[in-house]
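Working notes, beginning with the structure itself.
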Amino acid sequence: MIRLRVATLLAALLFAMPLRAEIAVQEVTSPGGITAWLVEDHEIPFTALDIAFQGGTSLDLPGERGAVNLMAATLEEGAGEMDAQAFAEARDSLAAGFGFDASQDAVSISARFLTENRDQAVDLLRQAIIAPRFDQSAIDRVRGQVLSGLASDATDPSSIAGETFNALAFGKHPYGSEDSGTPESVAALTRDDLIEAKARTMARDRLHVAAVGDITPEQLGQVLDRLFGDLPEMGAPLPGRATWQAPGGVKVVDFDSPQSVVVFGQSGMRRDDPDFFAAYILNEILGGSRFSARLMTEVREKRGLTYGIGTYLMPMAYGEALMGQMATANATAGQAIDLIRQEWARMAKDGVSAEELAATKTYLTGSYPLRFDGNGQIAEILVGMQMDGLSPDYITTRNAKIEAVTQDDIKRVAARLLTPDALQFVVVGQPDGVKSTE
Amino acid sequence: MTQRYRAALAAASLCWAAMPAHAEKVTDFTLANGLQVVVIEDHRAPVVTQMVWYKVGAADEAPGHSGIAHFLEHLMFKGTDDVPSGQFSAIVEAQGGSDNAFTSWDYTTYFQRVAADRLDMMMTLEADRMRDLRLTEEDVTTERQVILEERNQRTDSDPAALFGEQLRAAQFLNHPYGLPIIGWRHEIEQLDRQEALDFYRTYYAPNNAILVVAGDVDPAQVRTLAEKHYGPLEPTATIPPRERPQEPPQRAERRLAMADPQIAQPYVSRSYLAPARKSGDQKQAAALAVLAELLGGSGTTSVLAKALAFDNPKAVYVSADYDGEAMDDGLFSLAIAPVPGVSLDEAEAAMDGVIDQFLKDGVDPAALERIKAQVRAAQIYGNDDVEGLAQRYGEALAVGLTIDDVKAWPDVLQSVTADDVMAAARQVLNRDNAVTGHLGQVQETTP
């Protein structure tokens, strides 16, 4: 009985139409000329606001690696008339939430606040954006946290692998180094360095904003002017492009651990490349997050060599990579690396089957609308789209771009993108029989 | 909590913020075979999450067989009489959905997230594997290797995780909460197919499970689908009672020290046995949740942070945490990571000094008021996260609480007084009833 039902459903599956994401994005321009994307939804009385200043930690000045990161982490440690504790008490009394972050491509802020005290929450957030105090005591406290994190990273095999790989891949470009800085560079940062880092990164000429929730376009316009109207018009010139420098082959970093952490990758695909979607589907089949991806099937499901293996495209603003990571017992690291190389070569030579392509398209088009299921998530997606230079109608056209990719497209892109000889491995551990290549 | 793949779910730790949706959007009923069903409506996006919570976890394992609950969780993806081995996730993915599972001491949970109009199919699959799991020797052998690699990756390569496992084992002398969920390595190596199937047949049944459906669904439609798919499943009459060996009174303070070159940031951890939320009587648990928030909830304004991270600071990081969502007594935990130049002994003494002072001074009314403002707001923000709500209902029911308990929780939190907090603090924060750990890069003198 149940057997029949399952069979029937499996047949029906072929005709299941993917959902459309129905997200109504409005483009709002404030009286002061600041633009933002808005999704109005008055069901729950709060607003999620996502903000990104393009450029991020890649705008650190030479010798000041970590300045933008430390600056962003100190923004809410005192502002205007309030020291760090007074600021936190004010925020908690309003039950608002603010998150400040810095990454290679952006300084970003995520906020949420209740409708009932929106003006007060916005005023408080404005203080952190416009008038952070950067008190010496706050800088030193946050610096201590950053240094503690850097010390832990220095003995963490995954961090060591990532940093080693990035240095090989991107060399002296900021993408090639840890953006929290080094213990030496962070120790040397001064209050003036943070003030300069803020002026370089947080300006109106690189601002992306999205709001989702209980707010009208007019109200949002006022919020935008209040938050950003007093920021400088211009920041520092944006970073230049990174060129891929990893030579290919294997680099082993000796580390005493039962497992080897393996990071691997090669040059990737630009987000605005006409073949980006073919590369995106290719990656999903090769090493996507699903259990049915080829690498997961070969390395975990068939042989039990790892708990997890995945690859991902990283189309960053100024450089791109196709990266992967896994961990396996030292004894099986060599076997796992061979399997990854085999799958790389197989994909480069043969591309994907019609069945794989069809199943992956169904997955990607079906899962896309499922992302838009919370105000905070939607705001984050919308700012990410702005960072990628996309327009709001991308939400409705994206699935058609996935559907349009053919087997031939993937074969062509696989041959162009995947070069097994250029595949770079970094292995942190004591892998049996695996040696660094010359 | 340990999971089939990838990082643990969020939620859980912020139990003071565990809020129900608008009461009218949560409905529940029980099928004739004993399956309890909870429906949480959120019609903003055409998405549904199905979760099945089995009331069995690592604390229900037989002595010497640690890890079997988690091992079975992995094997549940292998296949049934209808679904070929390894195809479960592929079928969900072909719908654009995602699926996973996780195991804790008190429960094992499976979930899928899909477009709302695919719920019928997800129920077909989940009901099918509640009773009809099929396992081959090859499936079992390969998956045991995967789990040993999982243990390698998440525990054996991570001295902080290894130390946490030791601390927990020291905390629970007699109760199986002292076992690692993933299992001790030497016991994982011995787990086999028959044992997995025995565990499955003993515990996996509709009358030992909770179905939570959350998202763009109508309760009447969910009921129809649940009756169609889960209704025909036979209950099991012989589900063992959840009576675990309880802890004897602690007569001596327990202290552990470990050193590892990988530990660049040393820390002190302290955990006290603490009562869990009890059905119909959640007052003390609510007081403990508020206490944790007051002591260490904020890195800036909490009692520990104010005293130890500012003005001639001793700590880079402090925390306080209360885990009250458990069948039996849970843990109230403190931690301090000292700044360079401050030893673990000094850090521990400083932390204890702050706790002693807090027990004398009592609660700052303004701080209590801020926490209550956040509890109120969490009821609003919580409605933006229907999966989080599903998680909270499922977890609460799996540990023996009721729907009414979950609905009452915000009000119970709101009613906590300063006196309640201090009474709970005096009862729980007793060093004779605690485990203290020092994890360093180099061995200090034994504490």
Side-chain angles (χ1 to χ4, degrees), chain A residues 2-3 5-6 9-10 13 16 18-19 41 43-46 84-85 88-89 92-95 112 114 137 141 144-145 148 151-152 154-157 256-259 290-292 300-308 327-329 359 362-370 372-376, chain B residues 5-6 44-47 77 81-83 86 89-91 93-98 113-115 118 121 124-125 127-128 132 142-146 149-150 152-154 156-157 261-265 298 300-301 306 309-310 313 316-317 337 339 366 370 373-374 376-377 380-381 383-386:
Chain A
I2 287 181
R3 179 184 295 275
R5 254 199 334 255
V6 173
L9 280 165
L10 292 178
L13 184 166
L19 279 169
D41 185 339
E43 184 163 334
I44 307 176
F46 84 100
Q85 292 188 1
E89 287 174 7
D92 291 349
S93 297
L94 297 168
R112 64 179 188 184
L114 302 173
S137 62
R141 188 162 38 82
Q145 294 161 0
S148 171
S152 295
T155 60
D156 176 69
D256 182 10
S257 174
Q259 269 190 329
R290 298 171 306 144
F291 282 96
S292 52
R300 170 171 158 152
E301 296 298 302
K302 284 193 187 166
R303 296 177 180 84
L305 299 182
T306 187
Y307 176 49
T328 186
T362 318
Y363 168 69
L364 291 174
T365 54
S367 62
Y368 185 62
L370 307 188
F372 298 85
D373 78 329
N375 294 354
Chain B
Y5 182 49
R6 288 198 192 283
R44 293 178 302 151
V47 182
F77 292 84
D81 53 345
D82 297 311
V83 176
S89 294
I91 295 169
E93 287 159 3
Q95 297 299 308
S98 56
R113 193 164 170 281
V114 289
R118 319 286 155 87
M121 178 174 208
T124 309
L125 289 167
D128 175 41
D132 287 340
T142 309
E143 202 61 28
R144 191 168 47 228
Q145 279 310 116
V146 168
E149 287 296 339
E150 180 180 358
N152 259 343
Q153 181 176 329
R154 298 173 62 160
D156 295 332
S157 305
Q262 262 196 66
I263 294 301
Q265 173 62 65
S298 156
T300 310
T301 58
K306 269 188 172 170
F310 287 80
V316 179
Y317 172 80
V339 297
R370 284 196 300 274
Q374 291 179 77
R376 275 191 295 277
I380 293 171
Y381 294 135
N383 285 326
D384 195 38
D385 178 14
V386 71

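Only heavy atoms go into these numbers, but all of them, side chains included; no hydrogens, no water, no symmetry mates. Here is the naming used below: chain letters follow the sequence lines, and residue numbers restart at 1 for every chain. This structure is a prediction, so every number in the text was calculated from the model and none was measured.
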Of all the heavy-atom pairs spanning A:F291 and B:S89, show the shortest one and how long it is.
CD1-OG, 4.1 Å
Toward chain A, the part of B:V339 with a non-hydrogen atom under 4.5 Å
neither
CD (B:Q374) and OG (A:S93) are apart, to the nearest 0.5 Å, by 8.0 Å
Nearest heavy-atom contact between A:L114 and B:A377 is CD1-CB, 3.8 Å
Heaviest contributor of heavy-atom pairs below 4.5 Å to chain B, chosen from A:R141, A:R303, A:Q259, A:K302, is A:Q259
Heavy-atom pair of closest approach, residues A:A95 and B:A373:
CB-O, 3.8 Å
How long is the straight-line distance from NZ of B:K306 back to CD of A:Q85, given to the nearest 0.5 Å?
5.0 Å
Looking only at B:Q145, B:R44, B:E149, B:Q262, most heavy-atom pairs under 4.5 Å shared with chain A are made by B:E149
May I ask you to name which of A:S137, A:S292, A:G376 has the most heavy-atom pairs under 4.5 Å with chain B?
A:S292
Please find the pair of heavy atoms, one from B:V47 and one from A:L370, that lie closest to each other, and give the distance.
CG2-CD2, 3.6 Å
Nearest 0.5 Å, please: how far is CG in B:N383 from CD1 in A:I44?
5.0 Å
Ring-plane angle category for B:Y381 and A:F46, please: parallel below 30°, perpendicular beyond 60°, tilted otherwise.
perpendicular
Under a 4.5 Å heavy-atom cut-off, does chain A meet the side chain of B:D385, its backbone, both or neither?
neither
Charged N to carboxylate O below 4.0 Å: is that the case for B:R113 and A:D373?
yes
Under 4.5 Å, counting heavy-atom pairs only, tell me which of B:T142, B:N152, B:V386 racks up the most with chain A.
B:N152
Among B:A45, B:A337, B:S157, B:A90, which has the most heavy-atom pairs under 4.5 Å with chain A?
B:S157
Any donor-acceptor N or O pair under 3.5 Å, side chains A:S152, B:Q265:
no
Once you round to the nearest 0.5 Å, how far does CD of B:E93 lie from CG of A:L364?
10.5 Å
Checking A:L305 against chain B: side chain, backbone, both or neither under 4.5 Å from a heavy atom?
backbone
When you look at B:I263 and A:T155, which way does the side chain to side chain contact (heavy atoms under 4.5 Å, CB included) test go after all the steps?
CA-CA 7 Å; B:I263 294 301; A:T155 60; over 6 Å; no
Rounding to 0.5 Å, atoms OG1 (B:T301) and CG (A:D92) come to a distance of 5.0 Å
